[in-house]
Structure formats: C-alpha cells, structure tokens
Amino acid sequence: MPEKTAKTAAKASAAKTTLAKDSVAKDSVTKTVTAKAAAAPKATKTAVPAAPAPAAKPAAPAAAAPRVEEKKLPTQRQGFKTNEFVVYPAHGVGQILAIEEQEIAGAKLELFVINFIKDKMTLRVPTAKVANVGMRKLSDPALVKKALETLKGRARVKRTMWSRRAQEYEAKINSGDIVAIAEVVRDLYRSESQPEQSYSERQLYEAALDRLSREIAVVQHSTETEAVKEIETQLAKSPRRGAKTEADAVAEGDADAESDDIDGDDTAVADEAA
C-alpha cells in the first residue's frame, strides 16, 4: 500500500509538472504572436483615384445680333424747341411735343408735332413751313399788357354789311396777332345794358375770347378762368360801357348816338344773316 500511494503521488506530481510546462509554453506562444502582431504595421487602405470626367465641349458661340443704333431726334429747329408753347394762327396756343422725321413720297420730311390740349388735336407742321403758316412764339408780357389796354378802348364798328365785317373779324382772329384779337373782343363785347348779340356775333366773340384768354393764361402762368375774368374787368373799364361824368357825356353824346345807330343797323343785318 505505501508503494502504490508513493507511485500515485509521483504520477500526480509529474502530471502537474507537465501541465505547468504546457501552460508556460502556451503563454510563450501567445506572447510571441501578440508581439509579432503588435510589431507588424497596420495595413492602410489606398484610395483608388477616380477616373477623370471627360471635359465638356465648349458651346458654339451664338450668332451676334446686329446692333441697331438709335437715331437721336432733334430737339430744336427754326428757333423752336420741344416742350415749348407756341401760337399757331389757325388753332391758337399749342405745345411742341417732338420734332420727328417722316418719309413722304420717297422724301424725308422733318415735322413739328404740336398738341392742342383743349381741342384734343395733334398737328404736324413741316419745320421749313413755320414762317409761311405764321407760327410764332408766345407774346412777351409787354405785348400782353398792350392787348389788355386795347380792351379798355372805344369799340370801333364800321358802317358796313355784317357779312363783310364778319370776314374781317375772322381774318383778325386767324392772324395770330394778340392785339388784333383783342380788338375783335372789344368790338363784339356787349354789356347787359346793350342789345343782345346775334348767333354769328356770339360765335365770333367766343372764338376771339378763347384765343386771347388761352395765350394770356400761358404767359401769366394762370388759369383760363382767371384770364377771362381779367379780360372782362378791362372791358368794363371802357368809356362806352363804364360810368361817365357829365362832361364826358356831353363830349361823347354825338359819337354815342352815331354808334348806337350803327349797332342797331348791324344787329338787324346780323339777324337777317342768322
């Protein structure tokens, strides 16, 4: 029995020794593998460059549009310029909007474009014809004052047929002369104490009053209503229509009587014409 026990103990001791050696060997192998793994450089991924994209083809150049040069219109001709107010004898006061060119019958013609606001009309006048048609600049203040003074004078009525006098009045109105137009207003004006005008007289009076008041309004930078009031104020100062002293009445008695006879004859003729 003691011998078996001793053998068994010896075998156990030998087994432990073998296990210890195996463990040491495993540890040694593990450490060696770990050391080699630590010493080995880590593999890095190499980026593969992407293939370059094909270059875009340059676009074909667009055809250049033909350049149109804008022709500048003139702003002044024959002493007149755009945006200026002028007097056209047949229509009165208008404003030059532009100076343009037109081709008529194969020939180029330069024209003033004139707008008459009150009449709602636009007129084109050749720049070379302004002298022939009598187009002029606005009257200066001194001439306007003279026209207003004319209104205060005595009415001059000729002893002729109304039809002939009507033609003379129309010629004065269409002359474009502001003083001549004032004479028509003065001669055709009727106060409340005087006989009423005939239809044709009234038409001529209103036409002359309109021409005169429009030009005065533009020159004085006022309204047409204010210009008409100023004209009527001057007409009321006429010695024939205003208050007279006794001496004036004696001195002008014969002249007034003759004028009244003329007015009566004219009114009768005018009524017949109307």
Side-chain angles (χ1 to χ4, degrees), residues 75-99 111-125 130 133-156 166 169-194 196-243:
T75 58
Q76 186 170 354
R77 284 289 185 273
Q78 305 290 339
F80 299 97
K81 57 186 178 181
T82 55
N83 300 322
E84 179 182 14
F85 284 96
V86 296
V87 176
Y88 190 84
H91 301 289
V93 177
Q95 186 178 21
I96 299 176
L97 299 182
I99 302 173
L111 306 167
F112 285 115
V113 182
I114 306 173
N115 183 37
F116 299 89
I117 299 175
K118 189 171 182 179
D119 299 330
K120 297 180 180 179
M121 178 182 66
T122 300
L123 189 67
R124 285 171 170 79
V125 183
V130 292
V133 299
M135 193 172 86
R136 64 171 175 83
K137 291 180 175 292
L138 293 174
S139 302
D140 55 35
L143 193 56
V144 170
K145 184 178 180 181
K146 183 179 178 181
L148 291 172
E149 291 292 328
T150 301
L151 298 172
K152 296 190 296 184
R154 180 182 297 279
R156 297 178 181 179
Y169 290 146
E170 287 181 355
K172 284 186 175 182
I173 293 172
N174 293 326
S175 69
D177 184 350
I178 189 172
V179 176
I181 296 173
E183 290 174 355
V184 176
V185 173
R186 178 199 64 194
D187 295 345
L188 292 179
Y189 175 74
R190 295 290 182 271
S191 63
E192 294 180 356
S193 61
Q194 290 179 301
E196 293 183 0
Q197 295 171 319
S198 66
Y199 176 78
S200 54
E201 283 181 319
R202 186 69 184 174
Q203 290 291 101
L204 286 173
Y205 171 75
E206 290 180 353
L209 181 63
D210 180 69
R211 296 283 179 88
L212 185 60
S213 61
R214 286 169 69 177
E215 185 165 3
I216 291 176
V218 175
V219 173
Q220 296 184 347
H221 303 288
S222 62
T223 63
E224 288 187 35
T225 303
E226 293 172 342
V228 170
K229 288 182 179 179
E230 185 175 5
I231 291 170
E232 291 177 346
T233 300
Q234 298 300 321
L235 288 170
K237 295 178 181 179
S238 169
R240 180 179 172 182
R241 305 177 182 99

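Since the structure is predicted, the reported quantities are computational estimates derived from the model, not experimental observations. Side chains are part of it too, since the values below use all heavy atoms of this structure and drop only hydrogens, waters and symmetry mates.
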Closest contact, heavy atoms only, [X] versus [Y]:
| X | Y | answer |
| --- | --- | --- |
| P89 | G134 | CG-O, 3.3 Å |
| E226 | S222 | OE1-CB, 3.1 Å |
| A182 | A147 | CB-O, 3.6 Å |

Check for a donor-acceptor pair, side chain of Q234 on one end and backbone N or O of K152 on the other, with a separation under 3.5 Å.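 A pair under 3.5 Å: no.
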With distance as the sole test, does S238 use its side chain to make a donor-acceptor pair with the main-chain N or O of G153 at under 3.5 Å?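 Indeed, once roles are kept as given, a pair shorter than 3.5 Å links the two residues.
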Just to verify, what does S139 make a side-chain hydrogen bond (donor to acceptor under 3.5 Å, both in side chains) with, not counting sequence neighbours?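 Counting only residues at least two positions away or on another chain, S139 forms a side-chain hydrogen bond (donor to acceptor under 3.5 Å, both in side chains) with R136, E215.
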E183: side-chain hydrogen bond (donor to acceptor under 3.5 Å, both in side chains) partners, not counting sequence neighbours: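 Only K172 meet the side-chain hydrogen bond (donor to acceptor under 3.5 Å, both in side chains) criterion with E183.
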Test side chain to side chain contact (heavy atoms under 4.5 Å, CB included) applied to [X] - qualifying residues, sequence neighbours left out:
| X | value |
| --- | --- |
| E230 | L148, I216, Q220 |
| K137 | F80, E84 |
| T122 | V113, N115, R124 |

Report the relative orientation of the aromatic rings in F116 and Y88; use parallel for angles under 30°, tilted for 30 to 60°, perpendicular for over 60°.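 Geometry flag for Y88 against F116: perpendicular rings.
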As a quick check of understanding, evaluate side-chain contact (heavy atoms from CB on, under 4.5 Å) for K81 and I96, giving each step before the final call. CA-CA 7 Å; K81 57 186 178 181; I96 299 176; over 6 Å; no
Rounded to the nearest 0.5 Å, what separation is found between the [atom1] atom of [X] and the [atom2] atom of [Y]?
| X | Y | atom1 | atom2 | answer |
| --- | --- | --- | --- | --- |
| L123 | L111 | CG | CG | 10.0 Å |
| I181 | R186 | CD1 | CZ | 13.5 Å |
| K237 | E149 | NZ | CD | 8.0 Å |
| L235 | Y189 | CG | OH | 6.0 Å |
| L188 | I173 | CG | CD1 | 7.5 Å |
| I114 | F85 | CD1 | CZ | 12.0 Å |

Applying salt bridge (charged side-chain N to carboxylate O under 4.0 Å, His left out), which residue pairs with at least one partner in residues 202-214 are found, sequence neighbours left out?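 Only K118-D210, D119-R214, R202-E206, D210-R214 qualify under salt bridge (charged side-chain N to carboxylate O under 4.0 Å, His left out).
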Could you tell me whether the side chain of [Y] reaches within less than 4.5 Å of the side chain of [X], counting heavy atoms only?
| X | Y | result |
| --- | --- | --- |
| V86 | F112 | no |
| R190 | Y205 | no |
| L212 | L151 | yes |

